[in-house]
Structure formats: structure tokens, C-alpha cells
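Structure record follows, encoded as C-alpha cells.
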Protein chains: 2
Amino acid sequence: MVILTPVSDATFDRSRCSVAGTLSVVGEKWSLLVLREAFLGVRRFGDLQQALGAPKAVLTDRLATLVREGVLTREPYRAEGERQRHEYRLTDKGRDLYPALVALMAWGDRWLADGPPPLALEHRDCGAAVRVALVCDDGHEVGGPREVRARAAEAGVPRA
Amino acid sequence: MVILTPVSDATFDRSRCSVAGTLSVVGEKWSLLVLREAFLGVRRFGDLQQALGAPKAVLTDRLATLVREGVLTREPYRAEGERQRHEYRLTDKGRDLYPALVALMAWGDRWLADGPPPLALEHRDCGAAVRVALVCDDGHEVGGPREVRARAAEAGVPRA
DNA sequence: GTGCGCGGTTCGGCAAGTGAACCCAGCATG
DNA sequence: CATGCTGGGTTCACTTGCCGAACCGCGCAC
């Protein structure tokens, strides 16, 4: 029997949904917080652990999967008088998660705040506050989901 | 002992971080996928279950917490010749998660695709594609994290 | 060599997620 | 009325994931 949801275009192929795909990469516990730290410039295992308070084993695992997925790279470095260690840096793929992280942060700032936002983002050039906006390619600012139509790609196309 | 991370402004109060706060509301497994369906107009328990394939028990729990957090409401309805049931609808607070979801989807479209994006978003008014953009309040488009400075709020202010 | 600190790995216990079975209200049917 | 069916859950046994503490091993300092 065919599903007939109240909204006609809700019948797209969920198994290929990009939200689910993204979450399979960064949706585990701590992953997005690791990336938050990465965007703040934290690169070393110990610093990450201290900043996050995550169990070492979990942190090890999350870093490994993020590296495996190409979101971070693991690069050797060597500080004065210490042995070689590794640090974790964002790749382009990882840096491209910035808008998502900013959007999540903005929501928390707005709806969960019990005071001023704990972290303010400002444009390095002009000092003005940075935020995420929904825009369309004609340059309009989009107010919200009500103004958006979701269209499913043609089904039946096999996986490449 | 005070933490001294290599980056000076990385020392903000993580315990109040809005990313972590947001994730504590929508970061559990399935939560964001439930919201994806909500944005597509799916409102009924059974439809959600069928669309997601999530275990009923988990779905029940996620819906309950999303309602408790004020992201969804649970409202009675009654279809012709059926008994009363409940449906789950987005609140303003929930609708405001749209940019975050779109950002996650965009990332997946870009980096995980093995074909065209399974779901295209277009501006209802003009038909142009919808995307998330990072902008500053002076109207500039922000290229990425490199152009952003994160500034921690003054510490020491107790939790209101 | 011994000690020590960093970056992990291992381990036992607990919480969360999973699928299948079960339950129950209420409409439909006979 | 009894009976069955259906949607929306709950319960249960099992697996997976997360947790904190203990342990390990490399390489520098002594």
C-alpha cells in the first residue's frame, strides 16, 4: 500500500536523505562539539579532552571517524623538547560545516538563553555580528519554512 | 590550574555553550529526522514511523521530549469515522530550527552526494533555489570561519 | 636506568537504542 | 451484544553505545 501523507511532496526517498547522511557522519554524541572546538582553534587531543570533558575512549573514536570521513586531518607536529604528537585540523569539508554549527548555536542563543549569548560571532572585517540567513538565489531573504517548497528529485534513478 | 589553550579566545564557558544546549534538546538519535518530517508536513505517529523506520518506543520518547521542550505540540484531531487521535505540529520554536536543518542538508548534498540532491528547496514566491548563507549585520556575505572572530561573553556573570 | 606526562587502549558497569510481542480503546461488523 | 480490526502506543529481552577509572607505552628529562 502506498503512503498518502497529508502533504503530497513528502514522498521522497528517505534512504538517501542528506540530513540523515550528514548525521551519520557528525550525529554521534560529541562529534559536533569536537567541531565546535576545532572552529575555535583547538587542535590537540588533550586540549579537546579538557575543553569537552568527554571520555578519552569516546573522543578517540570520534576523532578517528571524523578523520576517516575527511572532516578532520591528523597531522604530526613536534613542540620544543617534546616528542612527536598529532593534531587535528579541519579540512575544507569540515570547514563547510560552519553554517550548520552557527545555526545550531543561534537557535540555542535564542531559545535556551538565560542571559547573553556566551559566544558572539563578529565579522573580522567590519565587526558586525554574524548570523545565518535563509536566502534564495534571486537574492530574497526567506522568512521560514512556510515560504519554501520542497521538491523531491525524480525517483527511480538508481544509486549512480 | 587555569586552562591555557593555544588560542586566546577559546576560553569561554563551555557549560553554557549554545551548541551543547541545542544538542541536548535535538541531539539524540532520530530527533532531527523527526523534525525533517515535521517540516515536510508529516504529523501523525504512524506516518512518522513509516517514514523514518524508527522503533516505536524511541519515536514515542523523542516526540515526548520534543513536546516537553516546546518544539512540537501534541494536538487532538479526529478524522471521519475514526476515534480521536493526536498529531504533532511544529511550534515557532521548532520552526526556528529550519535553518539548522537546511544547513545540515546542504552539507550532505554537497559532500555525500552520489547524484543530484534528493530534495530541492525552492522559494515559493519566485521558484529560485533556497540555501543558507552566513551574513553579517552590515550586509556582507561571510565566506567562512576564517572571516569570523568568536568573542566570549564576560565570564563571572552567574547564571542569572 | 627511573620517573613522568601525553595520548591513547582496555575493561566492567550502566544507559540508550532495537525489534518483536503484547496491550487497549474504540469503531465496524454480524 | 460479542467479535474482530486498527492505530497508537507499552513491555521485554537483547545489543550497542557511553562512561569513568585503570592500565599501557613511547620518548623526553634526570
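Note that these values count all heavy atoms, side chains included, but never hydrogens, waters or copies made by symmetry. Chain letters run A, B, ... following the sequence lines, proteins first and then strands; every chain starts at 1.
A side-chain donor-acceptor contact under 3.5 Å links W107(B) to the backbone of K93(A). Counting only distance, with no hydrogens or angles, the side chain of S31(A) and the backbone of G27(A) share no donor-acceptor pair below 3.5 Å. One N or O on the side chain of T91(A) and one on the backbone of G94(A) form a donor-acceptor pair closer than 3.5 Å. Judged by distance alone, with hydrogens and angles left aside, the side-chain atoms of R89(B) form no donor-acceptor pair with the main-chain N or O of R43(B) at under 3.5 Å. Counting only distance, with no hydrogens or angles, the side chain of R124(B) and the backbone of V148(A) share a donor-acceptor pair below 3.5 Å.
Residue Q50(A) contributes atom CD, which lies 13 Å from atom C1' of dC6(C) at whole-angstrom precision. Rounding to whole angstrom units, CG of residue D61(A) and P of dC19(D) are separated by 11 Å. Atom CZ of R43(B) and atom P of dG8(D) are 15 Å apart (whole Å). Rounded to whole Å, the distance from CD on Q49(B) to P on dG17(C) is 16 Å. One can place CD of E87(B) at 10 Å from P of dG8(D), the figure rounded to the nearest angstrom. In this structure, F45(B) atom CZ and dC24(C) atom C1' are separated by 15 Å, rounded to whole Å. Put simply, CZ on R85(B) is 17 Å from P on dC24(C), counting in whole angstrom units. Whole-Å rounding puts the D47(B) CG to dG7(D) P distance at 10 Å.
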Between N or O atoms, less than 3.5 Å apart, protein on one side and nucleotides 12-14 of chain C on the other: list the pairs.
none

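Between W30(B) and dT18(C) there is a side-chain polar atom (N or O) within less than 4.0 angstrom of OP1 or OP2. Phosphate contact (OP1/OP2 of dG9(D), side-chain N/O of R44(B), threshold under 4.0 Å): absent. The phosphate of dG17(C) has OP1 or OP2 within less than 4.0 Å of a side-chain N or O from R62(B).
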Exercise for review: Given salt bridge (charged side-chain N to carboxylate O under 4.0 Å, His left out), test E37(A) with R62(A) step by step and report yes or no.
Suggested key: CA-CA 13 Å; E37(A) 295 302 321; R62(A) 288 312 102 93; over 6 Å; no
Exercise for review: Just do the side-chain contact (heavy atoms from CB on, under 4.5 Å) check on E28(B) and T65(B) with the steps written out, would you?
Suggested key: CA-CA 10 Å; E28(B) 286 173 300; T65(B) 69; 4.2 Å; yes
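When hydrophobic clusters are built by joining Ile, Leu, Val, Met, Phe, Trp and Tyr residues whose side-chain heavy atoms come closer than 4.5 Å, directly or via intermediates, V135(A) is not grouped with M105(B).
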Check your understanding: What string of B, S and - do you get for nucleotides 20-30 of chain D, 5' to 3', when a contact is any protein heavy atom under 4.0 Å?
Key -> S----BBSSS-
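With distances taken from any side-chain atom of K29(A) to the nucleotides dC18(D), dT9(C), dT18(C), the minimum falls on dC18(D). When distances run from any side-chain atom of Y88(A) to the nucleotides dG17(C), dG8(C), dC18(D), the shortest one goes to dG8(C).
Counting heavy atoms from C-beta outward, L121(A) and Y98(A) have side chains that approach closer than 4.5 Å.
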